Amino acid sequence: MKNQEIIVLDFGGQYNQLIARRVRECGVYCEVKPFTTPVSEIKAAEPIGLIFTGGPGSVYDEKSPQADPELFGLGIPILGICYGCQLLAHNLGGRVTAAQDDSAREYGKTETYFDTSAKLFKGLSERGVSWMSHGDYMEKVPDGFRLIAHSEACPNVAICDEERGFYGVQFHPEVNHTENGTEMIRNFLFEVCGAKGDWTMGDYKAEAIKNIRERVGNGKVLLALSGGVDSSVAAALMAEAVGNQLTCVFVDHGLMRLNEGDEVEEAFSKWNINFIRVNAENRFLIRLAGVSEPELKRKIIGEEFIRVFEAEAKKIGKVDFLCQGTIYPDVIESGAGNAAVIKSHHNVGGLPDYVDFKEIIEPLRMLFKDEVRALGRELGLPEYLVMRQPFPGPGLAIRVIGDVTKEKLDTLRHADWIFRDEVAKSGLESAMNQYFAVLTNMRSVGVMGDGRTYDYTLALRSVTTSDFMTADWTRIPYDVLDRVSTRIVNEVGNVNRIVYDITSKPPATIEWE
């Protein structure tokens, strides 16, 4: 049975994927599509509601992204957020203009007053903080709409036409800074759209297995297994779907953490699957020699992965499908539709133009990281594997800033192991969603044993996050950082300075490259 669906139309805002995440948290399936998606495609999906995202443009600018007017006649509830709210007003007879003075522009946390008689704010406090980010102003509200929220600076923070199920908010309910923001989205879903909350990971598992079997038929599948959470869950899902038609290939590219290749082989040797380990360190390091530009690193690694898989496929016999553990954040950050490319993931934007497989299968492509973990549990994977630390496909190549050499990799491997060892000894693992070391390409003067040194600076990075789309830096106790720093400079060669990255995402990404 088809799940109810919400479609989020992307107009280029920075928080758009968070909207989808919040909708799914409420038990309703959701997909993000570009604003250019044909109305016929939207109608075919039979969504129970639409959400228009924020965006950097001004709706009265002819070059800015516009909504197809036909959308307003589909009889489907619409929630417009920030730019999306202004689109509602602009298209339905209101007037949006640039704010004439600074007092009408609002950015950041803003005290806001809500009319709780509106379904969108049902059961919520009449007063709270919302996260604003707009320089335009709804000078005239469309006929049939009423004001349902205001702030000291802005009288029309939110509007609604409850008869048609149209709602617009100038703030961002999807971000954590907005009090009760998720509850507002939940009200739109359940009070306005009539959602049943029928999106469960059990449903996803059953539907995914059915789709995989239909697509693969009697074909053979080669799965790119890294040993991380995503590829492990993909392996378990594919194994349940197609059994011995699946071969998992673990490419040890020499860019793994300390002893990780052996650990992956040991873990998967216990599974009832066809498992092959390919030791390919030399060919990857040769390709990466002298390369310092991070996007080029990713693309080289992505292409080399494919070439190794193609070679292994020929040894196995005719292989029709390549399976990857691509997840939604990989797709988003690699650029989709009109979205910006944050960084090309080796398994998305890093793929070469030609791939010698019939098709690529990505069964986790529409899942966020925590949803992947939930699917892993549904599939019966052990908790230690489900909760394993995320590790990028390009491995330590993107944690060595600048050119990649065997010596630098060994230095980073040792330092990273010390960091993880001290975190484990301190019992902090559950409070840190991702943590690792980065070998920078900056060298500085130090003093060791009364002598001058001129060695590398090593950075430590740790974040807390629920969805890996946003993240906050971890407040690691000073005594733990002190032990890590002391051990690294004493036990690891070529490093004489340790720094700790205290930047959140955004503006930074979790990985440095």
Side-chain angles (χ1 to χ4, degrees), residues 6 8-16 18-23 26 30 49-59 67 71-72 76-92 94 96 99 104-142 144-162 164-193:
I6 293 288
V8 177
L9 285 182
D10 182 356
F11 289 91
Q14 60 181 318
Y15 303 122
N16 298 346
L18 275 180
I19 300 172
R21 188 66 202 89
R22 299 295 175 248
V23 172
C26 295
C30 177
L50 303 175
I51 298 179
F52 293 173
T53 74
S58 295
V59 294
L71 293 172
F72 302 102
I76 301 173
I78 298 174
L79 171 62
I81 295 175
C82 198
Y83 181 88
C85 172
Q86 294 162 9
L87 272 175
L88 280 174
H90 181 70
N91 279 270
L92 298 174
V96 178
R105 299 184 182 94
E106 294 180 304
Y107 298 97
K109 296 179 180 179
T110 305
E111 191 77 20
T112 309
Y113 303 87
F114 303 99
D115 179 352
T116 56
S117 69
K119 290 180 180 179
L120 193 66
F121 305 132
K122 180 180 177 180
L124 305 182
S125 173
E126 294 182 352
R127 179 175 177 175
V129 171
S130 60
W131 184 262
M132 300 284 190
S133 182
H134 66 94
D136 285 340
Y137 174 75
M138 282 190 292
E139 186 176 65
K140 178 181 181 295
V141 175
F145 281 75
R146 66 185 178 97
L147 300 177
I148 54 173
H150 68 277
S151 65
E152 296 295 339
C154 182
N156 45 21
V157 166
I159 60 174
C160 77
D161 178 343
E162 295 207 296
R164 288 187 284 179
F166 292 169
Y167 293 81
V169 295
Q170 293 268 50
F171 56 89
H172 289 272
E174 69 274 22
V175 302
N176 289 330
H177 302 300
T178 295
E179 293 177 4
N180 300 315
T182 298
E183 286 73 17
M184 295 173 191
I185 292 173
R186 186 186 301 276
N187 278 344
F188 175 70
L189 300 174
F190 290 88
E191 298 293 332
V192 180
C193 299

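As the structure is a computational prediction, the values presented were derived from the model and not from experiment. All values below were derived from every heavy atom in this structure, side-chain atoms included, with hydrogens, water molecules and symmetry-related copies excluded. Position 1 is the first residue of the sequence, and the numbers go up from there.
Thr110 is not listed as a side-chain neighbour of Phe171, based on a closest heavy-atom distance of 4.5 Å or more. With a 4.5 Å cut-off on side-chain heavy atoms, Cys30 and Val8 count as touching. The shortest side-chain heavy-atom distance between Gln170 and Gln86 falls under the 4.5 Å cut-off. Between Val129 and His177, the closest side-chain pair of non-hydrogen atoms is not below 4.5 Å. Contact check for Phe121 versus Glu183: no side-chain heavy atoms found under the 4.5 Å cut-off. With a 4.5 Å cut-off on side-chain heavy atoms, Asn187 and Leu124 count as touching. By the 4.5 Å heavy-atom criterion applied to side chains, Val169 and Leu120 are counted as neighbours.
Taking OG1 of Thr182 as the reference point, atom CZ of Arg21 lies at 10.0 Å (rounded to 0.5 Å). Between atom CZ of residue Phe145 and atom CD of residue Glu162 there is a gap of 11.0 Å, rounded to the nearest 0.5 Å. The CG atom of Asp10 sits 8.5 Å away from the CD1 atom of Ile19 when rounded to the nearest 0.5 Å. Here the straight-line distance linking atom CG of Leu79 with atom CG of Leu88 works out to 8.0 Å at 0.5 Å rounding. Taking CZ from Arg22 and CD1 from Ile51, the interatomic distance works out to 12.0 Å, rounded to the nearest 0.5 Å. In this structure, the separation between CZ on Phe52 and OH on Tyr167 is 15.5 Å, given to the nearest 0.5 Å.
Contact between Leu50 and Leu71 at its shortest, heavy atoms only, is CD1-CD2, 4.1 Å. The two atoms that bring Ala89 and Pro142 nearest to each other are CA-CG, 3.5 Å, heavy atoms only. Considering all non-hydrogen atoms of both residues, Val192 and Lys119 come closest at CG2-CB, 4.0 Å. When all heavy atoms are compared, the tightest approach of Thr112 to Ala149 is CG2-CB, 4.3 Å. The minimum heavy-atom distance between Cys82 and Gly54, with the atom names listed, is CB-CA, 4.2 Å. The two residues His172 and Ile81 make their nearest non-hydrogen contact at ND1-CG2, 3.8 Å.
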CA sep, side-chain torsions, deciding dist, call: Tyr113, Arg127, side chain to side chain contact (heavy atoms under 4.5 Å, CB included): CA-CA 5 Å; Tyr113 303 87; Arg127 179 175 177 175; 3.7 Å; yes

Check against side chain to side chain contact (heavy atoms under 4.5 Å, CB included), Arg164 and Leu92: CA-CA 12 Å; Arg164 288 187 284 179; Leu92 298 174; 4.2 Å; yes

Verdict with supporting geometry, Phe114 and Asn180, side chain to side chain contact (heavy atoms under 4.5 Å, CB included): CA-CA 11 Å; Phe114 303 99; Asn180 300 315; over 6 Å; no

Test side chain to side chain contact (heavy atoms under 4.5 Å, CB included) applied to Ser130 and Met184, step by step: CA-CA 11 Å; Ser130 60; Met184 295 173 191; over 6 Å; no

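Side chain of Thr116 to backbone of Gly123: no donor-acceptor contact under 3.5 angstrom is found. Checked by atom type and distance alone, the side chain of Glu152 never pairs as donor or acceptor with a backbone atom of Glu111 at under 3.5 Å.
By the 30° and 60° cut-offs, the orientation of the rings of Phe72 relative to Phe166 is perpendicular.
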